[in-house]
Amino acid sequence: MTAAFDKEQQRIDRVAATIATQIEKLTEETAHRKEDIVNIRKQFTEEISFNTDDSFDDYLETVLALRQEAVELTVSQSSHRIATKRLEKLKKMKSSPYFGRIDITEEDFPGTDEIYVGTSSLMDDSGEDFLIYDWRAPVASIYYDFEPGPIRYKTPNGFITGTLEKKYQYLIKDGILQSMFDTSLTIGDEVLQQVLGQGTNKHMNSIVATIQQEQNQVIRHDYKKLLVVHGAAGSGKTSAALQRIAYLLYKYRETLTADQIILFSPNAMFNSYVSNVLPELGEENMHQVTFQEYLNERLQDDFTVETPFEQLEYILTQEDSPIHRTRVASIKFKASSQFFEAIETYRKALEIEGMIFKDLTFRGQVLITGKEIAERFYSDTEASRFTNRVELLKEWLTNLLKETLETEMKEPWVHEKVELLSENSYRKAKEHLVKKHGLRNEEADEYEVTTEELARLITLQHLQPLRTIVDSFSFVDSKAIYAQLFADPQAITRWTSGETPAEWADICRETLAMLTDNHLSYEDATPFLLMRALIQGFSTNRTIKQILIDEAQDYSTFQFEYLKRLFPETSMTVLGDFNQAIFAHASDDIDFHGLNRLYGEEQTAIVNMTRSYRSSKPIIDFTSSLVPNGASIIPFDREGVLPTLTQVATTEELHHSIASKIAALRDEGYVSIAIICKSAEESIAADHGLASVENLKLITKGSQEYEEGAVVIPSYLAKGVEFEAVIIYDASAKQYGDERVLRLFYTACTRAMHELQLYSLGPVTPLISHALRDGLIQ
């Protein structure tokens, strides 16, 4: 070992001792804080009595005591939470306290500073000097962005210039220095090679030790409203975005919290896969939701809502259906900005005519008809804005229900229910009224509920469903209003001047049929919500400050416009790869430049990540040959074996060969193996045919967790995750016959890290003809 190596190990030992001392102190502190919290809570229940019969001075003293105890409890809980969080960070730092070092000389300051970079900051015992800088600190950006030479970096107090003299990388495990590198690269290939050469597990890991310059550009960007990250498969888009959240939580820790951030992810399994990244960095997880979950929450009471995977499954497996072409045309048109504008124009037309309302019925009798409500709505169209008129209509109907209450509570049916009231129901009614009137104990005992009060309560209870309908604007017949869009195919010319699909009449017919069955197709879900919001008013969320949208190529222009309206105060980070744009609405798009219109070019930044790290170079060379812009994808130079192709004649031979391959891969030490199928239908067949394979798991759209081991999975559910070895179940011309499924095939193949095996039942897909010609697959 060299003297430099020994010196670095000695420093690690000193840092470890400091960490151990701070862990000991914080362990004692958290224990004391917890004890304080328990004691304060005990005082609340045992020592402080709140008696309204006492004098005003006693009452005031009690209130002040309560307030003081509440403040003490809040302070103790906050201190305990901060200390516990710091303790968790220190425990994670014990094994590997830092991963990098930069030696810098600042302009106009003598001497060279040695800056050590880790996942969290660490002060020495005096509390005056940094032993380790958090990777998110301004000075740490030098580690990721610069080679030795001149530097300039931004701090809260302005720009600092100087010289980067040296840059080192460390691999530390269990407090022992495994290796160190003096490198002039952004991040030395030696470290990255070791990290990328490892296997995967059920959770995505933090990448702070191997962040590349283009990834750092994504992580630290915070000056535009919209950040668009267009990256090749395996370029680290998602990892960088999650580190970006950690960075923003660090930089804006006084004004930004995890519950003000939402990640829209592709599926529930993906949520599980990325759930470990932020906690690993000592940060709380943000909200994670799929767009489908968002839709279901708002629509499931009225419709059965198709999922995006059901939509895609139909497109992939029902090509012989007589309405397949109509459905594809419907998906594309309803995803467009043209249809968004048509919905807005249609809503404006409703200011003059076309609003449809439901009858309000009570006890089997029509209280007021939808026609009468419409007449009221259109009786004074100049009075106020459209949404205000809807609000005024709600107030009018609320007053109508109040009048109904006053008349109905005197009716014989109410008095009959009062007389038949059970003792238990009477007791509950009395408890409700005692609480409502704020009666004291002795007053409550003497209080007798009058017949009139009981009659009012019973009538109110029966009117409650109508009150809910009015309060939620459900008297507006949104389904009928949306259906009206499609009732006359010729009417679309009133709301859009653009060209409509040749299949528009058929689209109208199919849409009406689905609505009649209370079924909402996925392409109709967001347009329906937009139309309803434009009528009733947007329930905008102004508390959310940051939104991340992963696999953004799967979102339509319509959906982006809707999300912008829904979260008007947010900044948006959009991540995607149009080579993986597998949904029908995106089939003609090649990039995200269309998103410039969301916030304007001056508020939009686009970062292209062209280097791919996930797969070995032979796999990237093969997958790059599949797509038109593949030459722009730069592989990380990690060697591996060529992808292989096996052609079989029968399904029996296919299943026997795949089962043998899985056994061989397991013998080689691979844990994460995916048999990727084109569709869920094919996945079910594959899982059945491979029943002899032990511990083989079938992944479906309902799967909640990313599974380790060998899995059978549809191509569209494999997006966003990676596997050590991938087996393409059937890469035949029958399954992947033309360019329409090219992106789906590319997506499936790019999931592989170390090995890619293609099987073909019969003639091979023409999509790999170039790869076969160029010897990129054997």
Side-chain angles (χ1 to χ4, degrees), residues 298-305 343 346-381 383-414 416-417 455-488 491 508 511-520 524-525 527-539:
R298 286 150 182 79
L299 293 169
Q300 61 189 358
D301 291 340
D302 302 307
F303 298 99
T304 299
V305 185
I343 295 284
Y346 174 57
R347 207 289 291 148
K348 289 176 183 175
L350 294 175
E351 296 178 10
I352 307 301
E353 62 177 352
M355 283 289 284
I356 305 172
F357 302 95
K358 299 174 184 176
D359 295 345
L360 297 185
T361 60
F362 182 66
R363 289 178 50 79
Q365 300 295 318
V366 176
L367 198 60
I368 185 169
T369 66
K371 184 178 180 182
E372 290 172 312
I373 298 174
E375 288 172 353
R376 172 80 181 193
F377 181 78
Y378 286 115
S379 62
D380 188 5
T381 58
S384 60
R385 293 169 53 205
F386 182 87
T387 51
N388 289 343
R389 284 159 56 193
V390 177
E391 188 67 43
L392 288 171
L393 200 60
K394 173 185 168 182
E395 292 178 13
W396 176 65
L397 291 173
T398 299
N399 290 330
L400 177 65
L401 293 183
K402 290 178 180 177
E403 294 171 7
T404 304
L405 169 65
E406 297 300 327
T407 57
E408 285 292 326
M409 62 180 284
K410 300 170 185 176
E411 293 295 317
W413 70 270
V414 177
E416 183 180 342
K417 286 188 177 293
R456 181 175 293 275
L457 281 176
I458 288 170
T459 311
L460 275 171
Q461 185 180 28
H462 281 75
L463 278 169
Q464 186 56 45
L466 274 181
R467 293 171 68 187
T468 301
I469 287 172
V470 172
D471 288 343
S472 63
F473 295 98
S474 296
F475 57 89
V476 178
D477 197 340
S478 299
K479 187 176 84 168
I481 296 171
Y482 189 67
Q484 196 170 238
L485 260 170
F486 308 96
D488 177 9
C508 289
T511 304
L512 290 172
M514 295 184 82
L515 290 171
T516 301
D517 292 336
N518 287 325
H519 188 95
L520 207 59
D524 281 301
F528 178 87
L529 282 177
L530 173 67
M531 185 209 70
R532 193 168 71 179
L534 289 172
I535 291 172
Q536 299 176 8
F538 267 91
S539 297

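The structure displayed is predicted, hence computed values, not measured ones. For this chain, numbers begin at 1 and follow the sequence in order.
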Over-ring placement of Arg532 relative to Tyr482, 6.0 Å and 45° cut-offs: no

Any sub-3.5 Å donor-acceptor pair from [X]'s side-chain atoms to [Y]'s backbone N or O?
X      : Y      : result
Arg347 : Leu530 : no
Asn518 : Phe303 : no
Tyr346 : Met531 : no

Say you draw a straight line from [atom1] of [X] to [atom2] of [Y]; how long is it, rounded to the nearest 0.5 Å?
X      : Y      : atom1 : atom2 : value
Ile469 : Lys394 : CD1   : NZ    : 13.5 Å
Leu520 : Thr511 : CG    : OG1   : 9.5 Å
Leu405 : Lys410 : CG    : NZ    : 10.0 Å
Leu534 : Ile481 : CG    : CD1   : 11.5 Å
Lys402 : Leu463 : NZ    : CG    : 12.5 Å
Phe386 : Glu391 : CZ    : CD    : 12.5 Å

Could you check if a side-chain atom of [X] sits within less than 4.5 angstrom of a side-chain atom of [Y], using non-hydrogen atoms only?
X      : Y      : answer
Trp396 : Ile368 : yes
Ile535 : Met355 : yes
Leu367 : Leu401 : yes
Ile356 : Gln484 : yes
Leu360 : Val470 : yes
Phe377 : Val476 : no

Working for side-chain contact (heavy atoms from CB on, under 4.5 Å), residues His462 and Lys417: CA-CA 11 Å; His462 281 75; Lys417 286 188 177 293; 3.6 Å; yes

Test of ring centre spacing under 6.0 Å for Phe473 and Phe357: no

Could you check whether atom [atom1] of [X] has more than 12 heavy atoms from other residues, nucleotides or ligands sitting under 6.0 Å from it?
X      : atom1 : result
Glu416 : CD    : no
Gln461 : CD    : no
Lys358 : NZ    : yes

Considering non-hydrogen atoms only, spot the tightest contact between [X] and [Y] and give its length.
X      : Y      : result
Tyr378 : Leu350 : OH-O, 2.6 Å
Ala483 : Leu512 : O-CD2, 3.4 Å
Leu299 : Ala525 : CD1-CB, 3.9 Å

Set of salt bridge (charged side-chain N to carboxylate O under 4.0 Å, His left out) partners for Arg376, sequence neighbours left out: none

Residues forming a ring pair (Phe, Tyr, Trp, His ring centres under 6.0 Å) with Phe475, sequence neighbours excluded: none

